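What follows is one structure encoded as structure tokens, with my remarks underneath.
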Amino acid sequence: LKVAARLRDRGEKFRLILIGEGPRRAAIESLVARSALGDRVELLGWCDEQVVAREISRARFVVCPSFAEGLP
């Protein structure tokens, strides 16, 4: 999110979609609000396989920081 704020400040156009649920969600939501990134960052939470596949197919790039994710 720090990088997202820097990109926004440089005038870059982007949309960041975060998929997944966990104990840090409230902290992430708070950081999004404090950083005024609500118009650029969307937290989808838990999503089924169809939504995940759809979002991956739309993405320019994917970051998957999970050790147990079912993605190649």
Side-chain angles (χ1 to χ4, degrees):
L1 293 174
K2 291 177 185 179
V3 172
R6 281 191 251 155
L7 289 170
R8 182 213 43 224
D9 293 346
R10 288 185 3 196
E12 301 290 340
K13 295 181 181 183
F14 69 92
R15 182 107 181 114
L16 176 61
I17 308 286
L18 301 175
I19 298 175
E21 197 65 51
R24 295 191 38 105
R25 182 179 178 118
I28 294 168
E29 288 173 336
S30 178
L31 185 55
V32 168
R34 284 194 321 269
S35 302
L37 287 167
D39 63 331
R40 307 280 182 110
V41 177
E42 184 176 358
L43 281 75
L44 296 184
W46 181 91
C47 294
D48 65 24
E49 296 140 8
Q50 292 174 330
V51 173
V52 172
R54 181 191 71 214
E55 294 302 325
I56 289 173
S57 70
R58 291 179 177 175
R60 286 191 168 180
F61 66 91
V62 175
V63 177
C64 185
S66 175
F67 293 111
E69 197 63 52
L71 297 171

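One-based numbering along the sequence shown. Please read these numbers as outputs of a predicted model, since none were measured by experiment. Below, each value reflects all heavy atoms present in this structure, side chains not excepted, and no hydrogens, waters or symmetry copies.
- A heavy-atom distance below 4.5 Å is found between the side chains of Ile19 and Cys47.
- From Asp9, atom CG reaches atom OG of Ser35 across 9.5 Å, with rounding to the nearest 0.5 Å.
- Between Leu1 and Leu16, the closest side-chain pair of non-hydrogen atoms falls below 4.5 Å.
- Panel note: side chain Arg15, backbone Asp39; a donor-acceptor pair is recorded below 3.5 Å.
- Placement of Val52 and Ile17 within a single hydrophobic cluster is found when ILVMFWY residues are connected by side-chain heavy-atom separations under 4.5 Å, directly or transitively.
- The distance from the CZ atom of Arg25 to the CD atom of Glu29 is 4.5 Å, given to the nearest 0.5 Å.
- Heavy atoms from other residues, nucleotides or ligands lying under 6.0 Å from CD of Glu49 number 12 at most.
- If you take CG on Leu37 and NZ on Lys2, they are separated by 13.0 Å, rounding to the nearest 0.5 Å.
- A distance-only check finds no donor-acceptor pair linking the side chain of Arg40 to the backbone of Leu7 [under 3.5 Å].
- Val41 and Leu44 are not part of a single hydrophobic cluster, where members link through side-chain heavy atoms under 4.5 Å apart.
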